[in-house]
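Remarks on the structure that follows.
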2 protein chains.
Amino acid sequence: MPFHDMVNHGVMPVPVGLAIAAMPYRPIAEQGAGTHCAGCAARHTGLCDALADRDLPELAAAAQWRTIRRGALLMTEGDPARYFFNINHGTAKVYRDLPDGRRQITGFVTAGYFVGLGMAADYSASVEAVEDVRLCRFDRAALRALFVTFPSLERTLLVATGNELLIAQAQMLLLGRKSALERLASFLLAWIEPARLTGTRLPMGRGDIADYLGLTIETVSRNFTILRQRGLIAISTEQEITIVDCTGLTGIAIGAAA
Amino acid sequence: MPFHDMVNHGVMPVPVGLAIAAMPYRPIAEQGAGTHCAGCAARHTGLCDALADRDLPELAAAAQWRTIRRGALLMTEGDPARYFFNINHGTAKVYRDLPDGRRQITGFVTAGYFVGLGMAADYSASVEAVEDVRLCRFDRAALRALFVTFPSLERTLLVATGNELLIAQAQMLLLGRKSALERLASFLLAWIEPARLTGTRLPMGRGDIADYLGLTIETVSRNFTILRQRGLIAISTEQEITIVDCTGLTGIAIGAAA
DNA sequence: CGGACTGTTGACGCTTGTCAAAGCCGGTGG
DNA sequence: CCACCGGCTTTGACAAGCGTCAACAGTCCG
């Protein structure tokens, strides 16, 4: 449900992968993925979507299923980039830190997203699970070798990386030029299905939202209150959020004059 | 000479293409590129570097040489994305605007850079020449068709797009978390060769720097003065800039405590 | 010489950050 | 069942960094 296609001006554009509708829970520890790929619920939302069924085993040989607990790290900035990830379920935050502790979350990744697209020798950012995450982990070297046999893998990654770049451009506009209220409105429109009448619980806390929008926790909280008092959103005691006035919220998000 | 490899924290990472050393000026109007490719000064800095000499004619068939005057647009946000560009000389700015006129420059592109990497149906940003620009213009549809014959083209673009993404992440950290002084220091380190003793003239004006760093012209100007007064840089009357204290400037740029 | 453009500097105000405290909720243990 | 504790969120008072408005200086060019 997160990340909807909005108008161009800075409301976040479409994501790299579509969220999958539902994902039956199967208690998977750590194992090779070979036997699972064909019937995998993420069969057509991930990297494997680039291949035909008969070619899946070759890809599966380079992959492993993993479950990452909330708060655990998928990767750490500066470590050798051994793996490439494909999120199947859950949410993780991608971030960079400054030496004195200031943090910028450059993006949240959910089902269907790739992690590790920038192909440098070392990871360029840290990634931490915001809620429990299930994913497919690929060995980078093995994956690169498969590019020769299956150019469609490279095509899929090129499209995904290009989309990430567009999202990044929108986020630069947000961080460089939007007010706190405009940033929060943009964020909510990207994460909450506007037509949905029941409340949506965001997986990340106020601190993560602040680090994503380049603000402080207090400023985020104050602007939540402003949006609520103006009747644009509703917030339940369980922190479930509903968009009440989508038009008004969009107007704020794109920075329409006054 | 612009864009040097810095430490990780937020000083902009390496660019997608290396700047070429020198580029002899030839008054080229508008013509097919076929006869020029083999001897082109950008032969090994652009898209053509992905191909062997004997395969160049096929790529050249989809390309045209162009010269874009300072202030002219390469593309406009929202227009159908017919072309793909490879800069050979000069500097251009990539930007997005909000309806009320606020502008965010998401990047400057120089020799070796690709423009139009995010493969959407419409251009996602506007691009304007900051100084006269010479470039190779490719027809997108024709280029896509060549991907089948020459997968190495796709590989080159994937690497380039990945690098752009890393640069974008660094810029998000800059825009979201760095002070005005830290932003300017980061920018100067990316654009001026630190070891160079003679002054460097930046191709863009204060307004463009402000739009790139998410600041105003006045704030940029004030922080130039601060860096100069602290003895970190020198500025001649012709607006040529020299880095005097690279260590100190780097310390500010990465946000080292105090 | 005069006008346009770019860059610099100053005074002031507003948005946002900082510091502090209180409310709310869930979990734990008596 | 209730008291207590810890984390997260909200709210308030205040300060600081940056934006806004305005004036002025330097350069280019007619």
Side-chain angles (χ1 to χ4, degrees), chain A residues 70-71 93 98 100-104 130-131 174-188 199 201-230 233-241 252 255 257-258, chain B residues 70-71 93 98 100-104 130-131 174-188 199 201-230 233-241 252 255 257-258:
Chain A
R70 169 193 164 120
K93 58 185 177 190
L98 289 174
D100 64 359
R102 280 174 285 176
R103 170 168 297 179
Q104 180 64 41
V130 168
E131 52 185 349
L174 180 148
L175 292 170
R177 290 304 183 202
K178 288 188 182 178
S179 72
L181 196 65
E182 290 164 352
R183 295 182 200 198
L184 187 57
S186 302
F187 173 76
L188 292 175
R201 169 125 204 178
L202 297 175
M204 72 293 289
R206 296 287 185 270
D208 285 337
I209 297 175
D211 283 339
Y212 181 57
L213 299 179
L215 302 168
T216 60
I217 291 181
E218 295 92 329
T219 300
V220 170
S221 184
R222 275 184 247 274
N223 284 281
F224 262 113
T225 303
I226 292 174
L227 290 177
R228 182 167 46 76
Q229 287 175 343
R230 290 196 193 168
I233 63 171
I235 309 177
S236 75
T237 51
E238 300 87 1
Q239 289 286 341
E240 289 181 341
I241 300 170
I252 293 176
Chain B
R70 168 193 163 121
K93 58 184 177 190
L98 290 174
D100 65 358
R102 280 174 285 176
R103 170 168 297 182
Q104 180 64 40
V130 167
E131 53 185 349
L174 180 148
L175 291 170
R177 291 304 185 202
K178 287 187 182 178
S179 72
L181 195 66
E182 290 163 352
R183 295 183 200 198
L184 186 58
S186 301
F187 172 77
L188 292 176
R201 169 124 204 179
L202 296 175
M204 73 293 289
R206 296 287 185 269
D208 286 337
I209 297 175
D211 284 339
Y212 181 58
L213 299 179
L215 302 168
T216 60
I217 292 180
E218 295 91 329
T219 301
V220 169
S221 184
R222 274 184 247 275
N223 284 280
F224 262 113
T225 302
I226 292 174
L227 290 177
R228 183 167 45 76
Q229 287 176 343
R230 291 196 192 169
I233 64 171
I235 308 177
S236 75
T237 51
E238 300 87 2
Q239 288 287 340
E240 289 182 343
I241 300 170
I252 292 175

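The sequence lines fix the lettering, A, B, ..., with proteins before strands; numbering per chain opens at 1.
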- [ ] Could you grab the distance from atom CG of B:L227 to atom CD1 of B:I233, nearest 0.5 Å is fine?
- [x] 4.5 Å
Task: Opening and closing nucleotides of DNA chain D in contact with chain A, under 4.0 Å to non-hydrogen atoms - done: D:dT9 to D:dA13
Task: Protein proximity profile, nucleotides 15-21 of chain C - base contact B, sugar-phosphate-only contact S, no contact -, cut-off 4.0 Å on heavy atoms - done: -SSBB--
Open item on the list: Using only atom types and a distance under 3.5 Å, with no angle test, would you say the side chain of A:E240 pairs donor to acceptor with the backbone of A:I235?
Closed with: no
Open item on the list: Going by the rule side-chain contact (heavy atoms from CB on, under 4.5 Å), which residues pair with B:R230 if we only count those two or more places apart in sequence or in a different chain?
Closed with: B:L181, B:I226, B:L232, B:I252
Open item on the list: For B:T216, give me all partners under side chain to side chain donor-acceptor pair (under 3.5 Å), at least two apart in sequence or on another chain.
Closed with: B:T219
Open item on the list: So, using side chain to side chain donor-acceptor pair (under 3.5 Å) as the criterion, who are the partners of A:R103 when residues are at least two apart?
Closed with: A:D97
Task: Of all pairs that satisfy salt bridge (charged side-chain N to carboxylate O under 4.0 Å, His left out), the ones with a partner from residues 203-218 of chain B, not counting sequence neighbours - done: A:R177-B:D211, B:K93-B:D208
Produce the list of close N/O pairs, under 3.5 Å, pairing protein atoms with atoms of nucleotides 4-7 of chain C; give distances to one decimal.
| from | atom 1 | to | atom 2 | distance (Å) |
| --- | --- | --- | --- | --- |
| C:dG7 | OP1 | B:R206 | N | 3.4 |
| C:dG7 | OP2 | B:R206 | N | 3.1 |
| C:dG7 | O3' | B:Q239 | NE2 | 3.2 |

Open item on the list: Can you tell me if B:R70 has over 12 outside heavy atoms packed within less than 6.0 Å of its CZ?
Closed with: no
- [ ] Could you tell me which residues satisfy side chain to side chain donor-acceptor pair (under 3.5 Å) with B:Q229, sequence neighbours excluded, listed by chain and number?
- [x] none
Task: B:A180 versus B:N223, closest heavy-atom pair with distance - done: CB-ND2, 3.5 Å
Open item on the list: Can you list everything that forms a side chain to side chain donor-acceptor pair (under 3.5 Å) with B:S236? Sequence neighbours excluded, please.
Closed with: B:E238
